[in-house]
Amino acid sequence: MLFLPTAIAAAAFAGSLLTEADLYGTVRNIVLCTSTAVATVFSFQAGRLSGSFFYDDGDYPNRFLTIYLCGILCALVFTFLPATGWMFLFFFVGLARVSDSVTGACGGTGLLVLTTVLCEQVSVSTFLVYLLSGMIGIVLFAHQKEEFFTAIPLGLSLGSQLLLIFAAELLIQNRKLVLEDALVPLANTVMNGILICIFLQYYINKVAKKTDNLYAQLNNPEYIVMTRAREQRPDDYYCAIHTAYLVERIASDLGLDVRSAKCAAYYGHLPSVELEGTPFPEPVRALLSEVEGDRSALRKKEAVIVVICYTVIREIQSLNKHHAEEKADYGKLIRGMFEKQFSIEALAETDMTLSNLRYVEKRLTEEQMYYEVFMKRGIK
């Protein structure tokens, strides 16, 4: 990421030479542009450490670097275009999408500053037009993580930019609307829309859906690791299947991370040697580290629920195996386990609350039919 300040400083220096700026103007341009790049780098690194980035963008800084370097080249090209034809909206939205809102705003502003300082005739209103339209674009696309809605945010952001250009540029300059002058901002809006649509489609397919596809693959009972467990250790396989069923329902009711909890339920109690090379997402790895350790390592609610459900399923499997002909009192078994093993005092160091724990006990007790039909008479 240290390449960012170097690249934009070199662009500012080259642009100053092309525009025949004096020594003081060149120094000003370099300092202003480099300062924005340094702020961008600090914001990027802070986002990586805090985990505020979307998906795995923090692990792949080249996504941000590629868009930023393209933005530097375009910022130099924009100096030869009319002020109403600058296409910074795409770079604000793109940079924020592959990082977070603050980093995207810093990066987009740096590119805008580069073009502005190289065009001496640019007014403050021109700078504000693209800064405000970029901020609006970032805000409209900022919180789309699980699902992507493109049409309304795109329409609002493009409409806002067009309105700002007409209000702050065309009306101020001409005092009236002239069709010929409106062609450039209209072309600007169309090109921004096309670029944003292409970028978002690529991002959704290659980044966002990649995580979804990975979870779908891992949470499939026919996944290669699960298939191997079914062939070699049927009891462990069916224990994982039943545990995942209960965990999914409870985690969903409590509004937790269902995908990660279900994945941890599938693989949390399989031999670690069989899991080598399995591409677990980071949230799943964090849960597995807690589930595979002793009880003192438990912290997250999802991990606690996985351990509770796994322990309950193991006890019911043992009970059904040794007392297959008897009608078991599963409610009594579960209540006893909670009194001895899963009291609020025993889980005091975890994130589980008393109401959470009571709900888990209640939910497990209500699954009497499942234990009787699917565990005792069905899958063995």
Side-chain angles (χ1 to χ4, degrees), residues 54-60 145-148 203-293 297-318 320-321 360 363-364 367 370-371 373-380:
F54 300 103
Y55 302 103
D56 58 352
D57 291 316
D59 299 328
Y60 298 92
K145 187 170 184 179
E146 299 302 331
E147 296 183 9
F148 284 83
Y203 184 86
I204 291 171
N205 292 334
K206 297 297 183 180
V207 179
K209 296 302 180 182
K210 181 182 73 172
T211 304
D212 295 339
N213 294 337
L214 181 58
Y215 272 109
Q217 182 182 27
L218 292 172
N219 287 338
N220 185 351
E222 298 299 323
Y223 186 59
I224 184 171
V225 176
M226 297 298 294
T227 302
R228 189 184 305 120
R230 181 177 59 192
E231 295 173 351
Q232 298 177 358
R233 296 181 311 284
D235 285 346
D236 291 343
Y237 170 80
Y238 290 119
C239 179
I241 295 295
H242 297 313
T243 302
Y245 164 79
L246 296 176
V247 167
E248 181 178 19
R249 303 195 68 174
I250 294 173
S252 177
D253 293 341
L254 295 179
L256 304 178
D257 186 351
V258 178
R259 298 187 305 177
S260 298
K262 185 177 180 180
C263 194
Y266 272 130
Y267 305 99
H269 298 89
L270 296 180
S272 57
V273 65
E274 295 184 7
L275 304 180
E276 293 180 357
T278 306
F280 293 117
E282 188 57 37
V284 177
R285 291 189 181 277
L287 290 180
L288 290 177
S289 65
E290 296 186 19
V291 171
E292 293 170 354
L298 292 176
R299 291 294 181 272
K300 294 182 176 63
K301 292 181 180 181
E302 292 87 348
V304 176
I305 293 172
V306 169
V307 170
I308 291 176
C309 291
Y310 172 80
T311 307
V312 169
I313 292 297
R314 274 301 191 197
E315 288 294 326
I316 293 176
Q317 279 185 324
S318 177
N320 289 342
K321 184 176 181 180
V360 174
R363 196 70 181 79
L364 291 174
E367 293 289 343
Y370 181 82
Y371 308 140
V373 176
F374 291 99
M375 291 189 63
K376 188 172 183 179
R377 298 177 181 174
I379 300 174
K380 296 182 179 180

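Position 1 is the first residue of the sequence; numbering continues from there.
For Asp57, the side chain to side chain donor-acceptor pair (under 3.5 Å) test picks out Arg63, Tyr203, with sequence neighbours left out. A search for side-chain contact (heavy atoms from CB on, under 4.5 Å) contacts involving Val258 returns Glu248, Ala251, Ser252, not counting sequence neighbours. Residues passing the salt bridge (Lys or Arg N to Asp or Glu O under 4.0 Å) test with Asp253 are Arg363, sequence neighbours excluded. Remark: Tyr310 pairs with Cys239, Thr243, His269, Arg314 by the side-chain contact (heavy atoms from CB on, under 4.5 Å) rule, at least two apart or across chains. Thr311 pairs by the side-chain contact (heavy atoms from CB on, under 4.5 Å) definition with Arg295, Val307, Met337, Gln341, Phe342, not counting sequence neighbours.
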Practice problem: Quick one: do Glu290 and Arg299 satisfy salt bridge (charged side-chain N to carboxylate O under 4.0 Å, His left out)? Show the steps, please. | Solution: CA-CA 7 Å; Glu290 296 186 19; Arg299 291 294 181 272; over 6 Å; no
Quiz item: How far apart are the C-alpha atoms of Ile241 and Tyr266, what are their side-chain angles, what is the distance that settles it, and do they pass the side chain to side chain contact (heavy atoms under 4.5 Å, CB included) test?
Solution: CA-CA 7 Å; Ile241 295 295; Tyr266 272 130; 3.5 Å; yes
Exercise. Could you walk me through whether His242 and Tyr371 pass ring-ring contact (aromatic ring centres under 6.0 Å, His included), step by step?
Key: CA-CA 9 Å; His242 297 313; Tyr371 308 140; 8.9 Å; no
Self-check item: Working for side chain to side chain contact (heavy atoms under 4.5 Å, CB included), residues Leu270 and Val225
Solution: CA-CA 9 Å; Leu270 296 180; Val225 176; 4.0 Å; yes
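The CD1 atom of Ile204 sits 10.5 Å away from the CG atom of Asp212 when rounded to the nearest 0.5 Å. Rounding to the nearest 0.5 Å gives a distance of 11.5 Å between NZ of Lys262 and CG of Leu246. With rounding to the nearest 0.5 angstrom, the SG atom of Cys263 is 6.5 Å from the CG atom of Leu288.
Tyr267 places no side-chain N or O within donor-acceptor distance of the main-chain N or O of Met226, the cut-off being under 3.5 Å. Asn213 contributes a side-chain N or O that, together with a main-chain N or O of Lys209, makes up a donor-acceptor pair within less than 3.5 Å.
With salt bridges taken as basic N to acidic carboxylate O contacts below 4.0 Å, none links Asp257 and Lys300.
Within the structure, every pair that satisfies the salt bridge (charged side-chain N to carboxylate O under 4.0 Å, His left out) test and touches residues 264-279, not counting sequence neighbours, is listed here: Arg233-Glu274. Applying the salt bridge (charged side-chain N to carboxylate O under 4.0 Å, His left out) test to pairs two or more places apart or on separate chains, those with a residue in residues 217-230 are Glu222-Arg230.
Counting heavy atoms from C-beta outward, Ile305 and Leu254 have side chains that approach closer than 4.5 Å.
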Only pairs under 3.5 Å count here: list side-chain donor-acceptor contacts from residues 277-286, not counting sequence neighbours, and write none if there are none.
from: Thr278; atom 1: OG1; to: Leu275; atom 2: O; distance (Å): 3.0
from: Arg285; atom 1: NE; to: Phe280; atom 2: O; distance (Å): 3.2
from: Arg285; atom 1: NH2; to: Thr278; atom 2: O; distance (Å): 3.3

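Using bins of under 30°, 30° to 60° and over 60° for the plane-to-plane angle, the ring pair Tyr245/Tyr370 lands in the parallel bin.
Across all non-hydrogen atoms, the minimal contact from Tyr215 to Ser260 is OH-OG, 2.8 Å.
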